[in-house]
Amino acid sequence: MRGPLNIGIAGLGTVGAGTVQLLHRQAELLAVRAGRRLAVAAVSARDKGRDRGADLSTARWYDDAVAMAADPAIEIVVELIGGADGVGRRVVETALAHKKHVVTANKALMAEHGTALAEAAEAAGVALAFEAAVAGGIPIIKALREGLAGNRLSRVYGILNGTTNYILTTMRESGRDFAEVLAEAQQLGYAEADPSFDVDGVDASHKLAILASVAFGRPVDLAGVYCEGIRQVSRLDIEFAEELGYRIKLLGIARLTDHGLEQRVHPCMVRRVTPIAAVEGVFNGIVAEGDFVGQLMLEGRGAGAGPTASAVVADIVDIATGRRVAPFGVPITALERVPGAPMERHEGAYYIRLMVKDEPGVIADVAAALRDQKVSLESMIQRGRSPSEAVPVVLTTHATVEAAMQRALAQIGKLDSVLEPPQIIRIEDF
Ligand SMILES: NC(=O)c1ccc[n+]([C@@H]2O[C@H](COP(=O)([O-])OP(=O)(O)OC[C@H]3O[C@@H](n4cnc5c(N)ncnc54)[C@H](OP(=O)(O)O)[C@@H]3O)[C@@H](O)[C@H]2O)c1
């Protein structure tokens, strides 16, 4: 067996400490699978005194993670600090500049700077591996890039954020509102004190941009992701979805259309019988559709120390054994500059919920606004009869173009009898 492979780990938080623990616990198994012992030769974090739940006595400590990335004794730099810019980015850039392999779990960094970093890795002749950056323990990057290399993919979609899936699942199961369930998720540690990264869809957008790049062999285009979060989803919408045979999920969807590549993150109604509807709680699930393989789905834990460390270590083993694939599956020059499809041209069915005054003529006015934009209705549910209160009216449409729907909604929103801004949720026909 060759000598040990010296690894430097920058960041010893949830994922970093989990990775060190996994490397220690599975040392014998990994030595066989990697053909060399995997040695944690150097580490860096802010607080040297903090217990990381693992023996770091043989690792060289660096206060400066960037200096560690330049250490000639280190062959693989594992970046687990985070952030699109700042120290995490400098660690990765320094490692690549010193021709060291890089493994990172940093989705923000890969979504913002993935193409440039892949270019630097290619020029240096080293690996840039980021399995842990998308859907934690689910090996989706490898599945898309290597396992499905014989296919042209038409669509990749999934539940990419466990926090929002937990919130939506709990809202449905308990019949409670978003704010109450979010507060509980924060107390339980499932949601951050500042939840916007998760609930506004930012985290899912980062992951979708990376997935789309791998699936469709194009430069990472975070700015091209249309993004809406789940704050507007109400208990009422969840009840109506159930009544209509749907479940509401925050999905990231990348799809090749005649207008270019569509990338969007927003709440969706999916039929309750579909496999993706059954992915509940903190779990993630991703579906890929290929021309030869058909449809396939992977489900698992998208975050947490163990699952994320599992993905980080798989990347390390690949590098140790010399299994090397271009970060996005093809050389940088072969990345296709497919144009992004504008959201206005998206075509699909819609759920619309209105809160209206219960008086004659309301439905006729709403129907007229939809007719004017050639939006054809599929169903309508009208609830309750209380002249003094707002009552919900729910409509579903046949496939229609987003721009027409937005024009109709603007018109509907101006009606005196419509008391709140209309709520829409796109219906996905999987
Ligand atoms: N948590 C997950 O489940 C998960 C899943 C998938 C991907 N990720 C990604 O993995 C990365 C790490 O996430 P995490 O949850 O492990 O974060 P975390 O628990 O906040 O840990 C961050 C680590 O970075 C260290 N650090 C911060 N600034 C530093 C600096 N200037 N120099 C050296 N070290 C520094 C911190 O040191 P101290 O400990 O001393 O403060 C800490 O150990 C992020 O990119 C995240 O998006 C996380």
Side-chain angles (χ1 to χ4, degrees), residues 8-22 40 42-54 56 59-71 77-95 102-114 117 128-141 159-166 185 189-198 202-211 222 282-284 286 300-315:
I9 299 186
L12 295 170
T14 304
V15 184
T19 300
V20 174
Q21 286 160 15
L22 195 164
V40 180
V43 292
S44 177
R46 283 176 302 205
D47 182 354
K48 189 176 179 183
R50 188 179 297 172
D51 179 11
R52 310 290 174 173
L56 291 169
R60 188 164 170 203
W61 175 270
Y62 276 92
D63 284 323
D64 179 356
V66 179
M68 186 193 79
D71 181 341
V77 173
V78 181
E79 186 275 309
L80 302 170
I81 293 175
D85 293 291
V87 185
R89 181 180 178 188
R90 290 208 302 282
V91 165
V92 171
E93 287 175 344
T94 303
V102 169
V103 174
T104 180
N106 191 337
K107 50 225 161 188
L109 176 71
M110 287 306 297
E112 298 266 7
H113 307 294
L117 294 173
L128 169 64
F130 49 90
E131 184 65 74
V134 181
I138 304 177
I140 187 64
I141 302 294
I159 295 169
L160 302 173
N161 182 273
T163 303
T164 44
N165 204 41
Y166 169 83
Y190 293 154
E192 302 284 331
D194 174 3
S196 66
F197 205 63
D198 292 316
V202 180
D203 175 69
S205 296
H206 285 155
K207 294 168 182 166
L208 183 72
I210 300 168
L211 269 189
L222 180 63
V282 295
F283 280 79
N284 284 195
I286 299 166
R301 292 186 185 278
T308 314
S310 159
V312 168
V313 171
D315 280 344

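Every number for a ligand or one of its atoms is a count from 1 in the order of the listing. All values derive from a computational prediction rather than experimental measurement.
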ring-ring contact (aromatic ring centres under 6.0 Å, His included) involving Y166 - partner list, sequence neighbours excluded: Y190
Return the minimal non-hydrogen interatomic distance between A70 and T94, and the atom names on each side. CB-CG2, 4.0 Å
Please name all residues satisfying salt bridge (charged side-chain N to carboxylate O under 4.0 Å, His left out) with R50, sequence neighbours left out, ordered by chain then number. D47
With sequence neighbours excluded, what pairs up with A305 under the side-chain contact (heavy atoms from CB on, under 4.5 Å) test? T14
From the list L22, T19, I9, T104, side-chain contact (heavy atoms from CB on, under 4.5 Å) partner of V312 resolves to T19
Under 4.5 Å between any side-chain heavy atoms of I286 and N284, yes or no? no
Ligand 1 N/O to protein N/O, distances under 3.5 Å:
| unit_1 | atom_1 | unit_2 | atom_2 | d |
| --- | --- | --- | --- | --- |
| ligand 1 | 3 (O) | G304 | N | 2.7 |
| ligand 1 | 16 (O) | T14 | N | 3.2 |
| ligand 1 | 16 (O) | V15 | N | 2.8 |
| ligand 1 | 19 (O) | T14 | N | 3.0 |
| ligand 1 | 19 (O) | T14 | OG1 | 3.4 |
| ligand 1 | 37 (O) | R46 | N | 3.2 |
| ligand 1 | 39 (O) | R50 | NH1 | 3.2 |
| ligand 1 | 39 (O) | R52 | NH1 | 2.7 |
| ligand 1 | 39 (O) | R52 | NH2 | 3.4 |
| ligand 1 | 40 (O) | R46 | N | 2.9 |
| ligand 1 | 40 (O) | D47 | N | 2.7 |
| ligand 1 | 40 (O) | R52 | NH2 | 2.9 |
| ligand 1 | 41 (O) | R46 | NE | 3.1 |
| ligand 1 | 41 (O) | R46 | NH2 | 2.9 |
| ligand 1 | 43 (O) | L12 | N | 2.8 |
| ligand 1 | 43 (O) | G13 | N | 2.9 |

